[in-house]
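Count residues from 1 along the sequence.
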Amino acid sequence: AETPLSWAFFTPDRAYKLLRPVEMPFLDHREAADRLRSVAREFELNRVICPDVYLGTADVIEDGEVADRMLVMRRLPAERRLSTLVDDPRFGYFLRAVARRVAALHASRQPVRDAPMARLPELAANWRENFDVIRPHVGRVIDAEEFDAVERRVTAYLDRRDDLLDARIDDGFVRDVHGDLTAEDIFCLDDGPRIVDCLAFNDRWRIIDVLNDIGFLVMDVHRLAGWQIAEQLMRWYQEFSNEHHPASLAHHYVTYRAHVRAKVACLRIGQGDAAQVDLARRYHSLARDHAERARIRLVLVGGGPGTGKTSLSAGIGAQLGCPVLSSDEVRKSVTGTPADTHRFAPPVEVIYDDSTGAAFYRELLREAEAVLRSGSGVVLDATWTRDVYRRAARAVAHRCGAELVELECRVAPEVARQRVARRRIDADGGSDATPEVVDHLAARREPWPEAHTLDTAAPADQTIATSVARIVELPLPGSEVTT
């Protein structure tokens, strides 16, 4: 068997790996001495991960001298590769065992503080190199619109992410890991998985965020078996590792891994391998999929009491996988009202006056900014009656490099009053509004021309679906596309 970097020779119970005398942008194996050092390093690293697979090395002798050196490995059954087991009814079982094994590997490694590949400057530089390699193939191999979409999404995501990436290092999530987790190199045996062929030729590329490491396998499983089981793999990994992260960062690393594979396929196309065209397109489509999922949004859901904004906010938060901050909960905190206590007040009382409103919106936006800086999107459920508060929210989105989505719920006044009256009788939810408050806030409501208006008289599921569709299709700041 032949790869760009090596040859493998097989006997019934052994595999012998010999490095090819090649030069690549990232390594130079033309001289035997360099190959000998690389073999020693590869054996050292992989022996720790799979001691019963990596058995030793064997010298290649020519004219009585050591001319080369091979890795000697236990031969593993090809039919037990994870990549060949996708249709096996036990695939989920195998994948869960792999998640446990990867989590154990990561847990066995110490945090690394000096890790250029995990910081924004080098990550951004790698992205630029990816785009530069793929760009000559745009229009012939990669769809131009798709390429531009990935570049815009990635550029927007990387904007102002220094704090997030630095925090990952500070929190100990950057370690010396496997670096090249693919389904092809994982063998699911009866006594557990064997993970082979770690990235040995460049230490900098292997010392990365653990999320970047598992993200490679998540990407590969998505390609082979679909997104649902790939997402389950990530959940299992989190369960076994107790690793916590914003979903946007996971999707960004999956995007990066897919884009690197698309780049490699384009390089091979440039070398005359036309069979890589379909693979390049598939990987690039995966990159676009996860670049869309990685978008960080500040979603304002506004409207008067009884317009359905709270139900809509909860639904959007669930669909996008991000938290919801509710005005009712924050207002109670600001006014010192217990969270489980209702205070049905007339409009003139303090909980609805301007000074309390200003304090409550300051706190709401302070909490939202903290969430955004952690790398997660957030939905803000509030009336957003006054434009000054909306402008403050836009400033937060700009500071945090988040996309802003503004949605205004509307319903007939009599329907809103009926909903509020029914909610008051049932003491349902955290709102303290009354029918009188509905009219009071409606009279004070300032125009909101920037918002997408939603008629929330329709069933909640239908409104949520419409809202999420609009959010996904909104253009990035600075884009010429309009919605």
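- Between D185 and C198 the shortest side-chain heavy-atom distance does not fall below 4.5 Å.
- With hydrogens and angles ignored, the 3.5 Å screen pairs a side-chain donor or acceptor of R206 with a backbone N or O of L199.
- Every ring pair (Phe, Tyr, Trp, His ring centres under 6.0 Å) that F131 has, sequence neighbours left out, goes to W127, F147, H259.
- The backbone N or O of D170 sits less than 3.5 Å from a side-chain atom of R113, completing a donor-acceptor pair.
- Every residue two or more places apart in sequence or in another chain was checked for a ring pair (Phe, Tyr, Trp, His ring centres under 6.0 Å) with W236, and none qualifies.
- For G303 against K309, the heavy-atom pair with the smallest separation is O-CE, 3.0 Å.
- One side chain, R235 or Q232, offers a donor N or O that lies under 3.5 Å from an acceptor on the other.
- Side-chain contact between M219 and Y256: absent, with no pair of heavy atoms (C-beta onward) separated by less than 4.5 Å.
- Under a 3.5 Å cut-off, the side chain of D213 and the backbone N or O of I208 do not form any donor-acceptor pair.
- Side chain of R390 to backbone of W384: a donor-acceptor contact under 3.5 angstrom is found.
- A search for side-chain hydrogen bond (donor to acceptor under 3.5 Å, both in side chains) contacts involving R119 returns D166, not counting sequence neighbours.
- Closest of all the heavy-atom pairs between V174 and A115 is CG1-CB, 3.4 Å.
- Checked by atom type and distance alone, the side chain of N46 pairs as donor or acceptor with a backbone atom of D197 at under 3.5 Å.
- Panel note: side chain D220, backbone A183; a donor-acceptor pair is recorded below 3.5 Å.
- Taking the ring pair (Phe, Tyr, Trp, His ring centres under 6.0 Å) definition, one finds that W227 meets it with H222, H251, H290, sequence neighbours left out.
- Salt bridge annotation for K263-E129: present, with a cationic side-chain nitrogen under 4.0 angstrom from a carboxylate oxygen.
- Closest of all the heavy-atom pairs between R373 and C400 is CG-SG, 3.9 Å.
- In this structure the side chain of R160 reaches within 4.5 angstrom of the side chain of H398, judged on heavy atoms.
- Within the 4.5 Å cutoff, the side chain of D209 has heavy atoms near those of the L249 side chain.
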Show me the donor-acceptor pairs, under 3.5 Å and distance only, between side chains in residues 82-92 and residues at least two apart or in other chains.
from: S83; atom 1: OG; to: E184; atom 2: OE1; distance (Å): 3.0
from: T84; atom 1: OG1; to: E79; atom 2: O; distance (Å): 3.1
from: T84; atom 1: OG1; to: R81; atom 2: O; distance (Å): 2.8
from: D88; atom 1: OD1; to: R90; atom 2: N; distance (Å): 2.7
from: D88; atom 1: OD1; to: R90; atom 2: NE; distance (Å): 3.0
from: D88; atom 1: OD2; to: R90; atom 2: NH2; distance (Å): 3.0

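- Under the rule for a side-chain hydrogen bond (donor to acceptor under 3.5 Å, both in side chains), the partners of D273 that lie at least two apart in sequence or sit in another chain are Q276.
- Pairs engaging residues 194-215 under the ring pair (Phe, Tyr, Trp, His ring centres under 6.0 Å) rule: F26-F201, F26-W205, F201-W205 [sequence neighbours left out].
- Put simply, the side chain of T155 never gets that close to the backbone of R152: no donor and acceptor are under 3.5 Å apart.
- The ring pair (Phe, Tyr, Trp, His ring centres under 6.0 Å) pairs that include a residue from residues 153-182 are Y157-H252, where partners are two or more places apart or lie in different chains.
- Separating the CG atom in L365 from the OH atom in Y389 is a distance of 10.5 Å, to the nearest 0.5 Å.
- Under the 3.5 Å distance criterion, the side-chain polar atoms of R20 are matched with a main-chain donor or acceptor of T3.
- For the pair D132 and R128, the salt-bridge criterion is not met [side-chain N within less than 4.0 Å of a carboxylate O].
- Partners of S38 under the side-chain contact (heavy atoms from CB on, under 4.5 Å) rule, at least two apart in sequence or in another chain, are L19, H29.
- Between Y54 and I49, the closest side-chain pair of non-hydrogen atoms is not below 4.5 Å.
- Remark: the backbone N or O of F240 is not paired with any side-chain donor or acceptor of R100 at under 3.5 angstrom.
- Shown here are the side-chain hydrogen bond (donor to acceptor under 3.5 Å, both in side chains) partners of D68, two or more places apart in sequence or in another chain: R35.
- Between I134 and H284, the closest side-chain pair of non-hydrogen atoms falls below 4.5 Å.
- Counting all heavy atoms, side chain and backbone alike, A287 lies closest to V150 at C-CG2, 4.3 Å.
- You'll find the side chain of H245 reaches within 4.5 Å of the side chain of R168, heavy atoms only.
- Not counting sequence neighbours, the partners of R366 by the side-chain hydrogen bond (donor to acceptor under 3.5 Å, both in side chains) test are E363.
- The residues R37 and E31 are annotated as not salt-bridged, no charged nitrogen and carboxylate oxygen being separated by less than 4.0 angstrom.
- For the pair R194 (side chain) and G192 (backbone), a donor-acceptor distance under 3.5 Å is present.
- Partners of Y253 by ring pair (Phe, Tyr, Trp, His ring centres under 6.0 Å), not counting sequence neighbours: none found.
- The closest side-chain heavy-atom distance from L181 to V98 is not below 4.5 Å.
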